[in-house]
Structures are given as C-alpha cells and as structure tokens.
Amino acid sequence: MPALRPAPEWQTGPWLNSDQPLSLAAFRGRVVALHAFQMLCPGCVQHGLPQAQRIARLFDASRVAVVGLHTVFEHHDVMTPDALAVFVREYRLTFPIGIDLPAETGSIPRTMAAYQMQGTPTLILIDRAGRLRKQSFGVEDDMRVGADIAFLLAEQGADHDP
C-alpha cells in the first residue's frame with residue numbers, strides 16, 4: 001500500500017456559502033469530499049455537482065464535509081466570481097465553495113496544481129486525519145463513491161494525525 005500523505009492545503013480566494021475562509025484543518029475529524037469543478041464544464045454540471053449535492057444530503061454533515069472548489073483553467077474572462085455566485089444560486093448549491101487562486105504564472109490555478117489535477121470534474125476524498133485517500137478525474141459512480149466514503153468513516157484510529 002502506498003504511503004499516505006497529507007492532503008495539500010487549499011489556496012483559495014473568496015468563499016461562497018461560508019461566512020469565513022475555510023482551510024483543510026477546519027475539517028479535521030471529518031471525511032472531506034472535495035469536488036473540483038468549472039461552471040462551464042458539462043461533466044461538472046451534469047454529474048460532478050449533482051453527486052456532491054447527493055453526498056451532502058445523504059451523509060451526516062458532522063462526519064462528512066462536502067466542499068466545492070471552483071478551479072478555472074480556461075475561459076477566465078467569463079467565469080468570474082460574480083458569475084459563479086449567480087450559478088451557485090441558480091443551481092441551489094448549499095455546500096461551501098472556494099474559488100481557487102489563479103496561478104502566479106501559466107493557466108493552472110494553485111490548488112489544482114498542488115493536487116496535480118488533470119481537469120474537471122475531479123473528486124478528492126480526504127480522511128479524518130487530513131490525508132489524501134482518493135483522487136478521481138471524470139465521472140465517478142455514486143455507489144463506488146458511497147462505498148469509499150463509508151470505508152473511510154469505518155476506519156479505526158483515523159482521528160490521529162498522520
């Protein structure tokens with residue numbers, strides 16, 4: 001089994017559906033389902049975001065946190081924070097959504113680069129100790145994701161630091 005490594009900290013600007021900026025450390029003790037998306041990504045709108053909403057609805061929020069990451073690597077001029085706020089309201093997304101900080105150079109935003117994401121949608125599962133446990137690019141089956149989350153919830157001793 002490969003060594004477990006701490007999940008990289010998120011590098012975000014403004015947050016939607018949260019009164020304050022959120023960090024990975026704020027979710028220690030809970031499994032985190034991070035859904036990276038772009039609002040103009042068909043796979044995100046049709047599959048990734050609805051799946052995130054289902055996870056948020058089906059799992060106890062005190063044990064599983066659902067977090068969105070809007071990570072824009074193309075069409076920067078139209079995917080603005082104001083447009084995202086309208087999108088979030090129209091799609092009735094209620095989980096917190098961080099806006100990935102732009103790259104200092106190039107087009108790949110900072111959190112996307114830190115996780116070495118291939119694109120969107122990307123699902124990332126982080127265990128209760130803040131370790132990266134799964135990263136999946138593309139559409140992921142709900143049953144598989146549910147089983148993966150249940151496995152992480154059932155782990156013994158996962159509340160200890162890595």
Problem set entry | Close side-chain approach of L22 and W15, heavy atoms under 4.5 Å | yes
Exercise. Should the pair E140-K134 be classified as a salt bridge under the 4.0 Å nitrogen-to-oxygen rule?
Worked result: yes
Exercise. Below 4.5 Å, heavy atoms only, C-beta onward: do Q53 and Y91 meet side chain to side chain?
Worked result: no
Problem set entry | Within-4.5 Å side-chain heavy-atom neighbours: L123 and L34 | no
Exercise. When clusters are formed by joining ILVMFWY residues with side-chain heavy atoms under 4.5 Å apart, either directly or through shared neighbours, do I108 and L101 land in the same one?
Worked result: no
Problem set entry | Between CG on residue L49 and CZ on residue R54, distance to nearest 0.5 Å | 10.5 Å
Exercise. Hey, does V31 have a side-chain heavy atom less than 4.5 Å from the side chain of D127?
Worked result: no
Exercise. Is there a donor-acceptor pair closer than 3.5 Å between any side-chain N or O of D142 and the backbone N or O of Q51?
Worked result: no
Seminar exercise, completed: What one should report as the nearest heavy-atom pair of C41 and P121 is SG-CD, 3.9 Å
For this session: Any ring-ring contact (aromatic ring centres under 6.0 Å, His included) involving residues 17-44? Give me the pairs, sequence neighbours left out, ordered by first then second residue.
Result: W10-F27, F37-H70
Problem set entry | Under 3.5 Å side-chain donor-acceptor pair for Q11 and D100 | no
Exercise. Given the rule in the side chain to side chain contact (heavy atoms under 4.5 Å, CB included) test, do L125 and V32 qualify, once you have shown the distances and angles that lead to the verdict?
Worked result: CA-CA 6 Å; L125 295 180; V32 176; over 6 Å; no
Problem set entry | Side chains of E90 and M39 in contact at under 4.5 Å (non-hydrogen atoms) | no
For this session: Taking the side chain as every heavy atom from C-beta outward, state whether V66 and I55 have any pair of such atoms under 4.5 Å apart.
Result: yes
Problem set entry | Single-linkage hydrophobic cluster L93~L58, side-chain heavy atoms < 4.5 angstrom | yes
Problem set entry | Smallest separation among heavy atoms of F137 and T120, with atom names | CE1-N, 3.5 Å
Problem set entry | Partner set under salt bridge (Lys or Arg N to Asp or Glu O under 4.0 Å) for R144, not counting sequence neighbours | D148
For this session: To the nearest 0.5 angstrom, please state how far the CD atom of Q38 sits from the CZ atom of F87.
Result: 10.5 Å
For this session: For S18 and Q20, indicate whether the former's side chain and the latter's backbone hold a donor-acceptor pair under 3.5 Å.
Result: yes
Seminar exercise, completed: One should read off an interatomic distance between L84 CG and R89 CZ, to the nearest 0.5 angstrom, of 10.5 Å
Exercise. Is a side-chain donor-acceptor pair under 3.5 Å present for D60 with S62?
Worked result: yes
Exercise. Side chains of R63 and R30: does their closest heavy-atom pair fall under 4.5 Å?
Worked result: no
Exercise. Of the non-hydrogen atoms in S107 and P109, which two are nearest, and what is the gap between them?
Worked result: O-CD, 3.3 Å
For this session: Can you sort out the partners of E104 under salt bridge (Lys or Arg N to Asp or Glu O under 4.0 Å), two or more places apart, ordered by chain and number?
Result: R110
Problem set entry | Heavy-atom check, side chain of Q135 versus side chain of Y115, under 4.5 Å | yes
For this session: Check whether I97 and V86 end up in the same hydrophobic cluster, where Ile, Leu, Val, Met, Phe, Trp and Tyr are linked by side-chain heavy atoms less than 4.5 Å apart.
Result: no
Seminar exercise, completed: Separation between CG (L153) and CZ (R128), nearest 0.5 Å, reads 6.5 Å
For this session: Establish whether V139 and V45 are linked, either directly or via other cluster members, by ILVMFWY side-chain heavy-atom contacts under 4.5 Å.
Result: no
Problem set entry | Separation between OG1 of T111 and CG of L24, rounded to the nearest 0.5 Å | 10.5 Å
For this session: Report the distance from atom CZ of R133 to atom CZ of R5, rounding to the nearest 0.5 Å.
Result: 12.5 Å
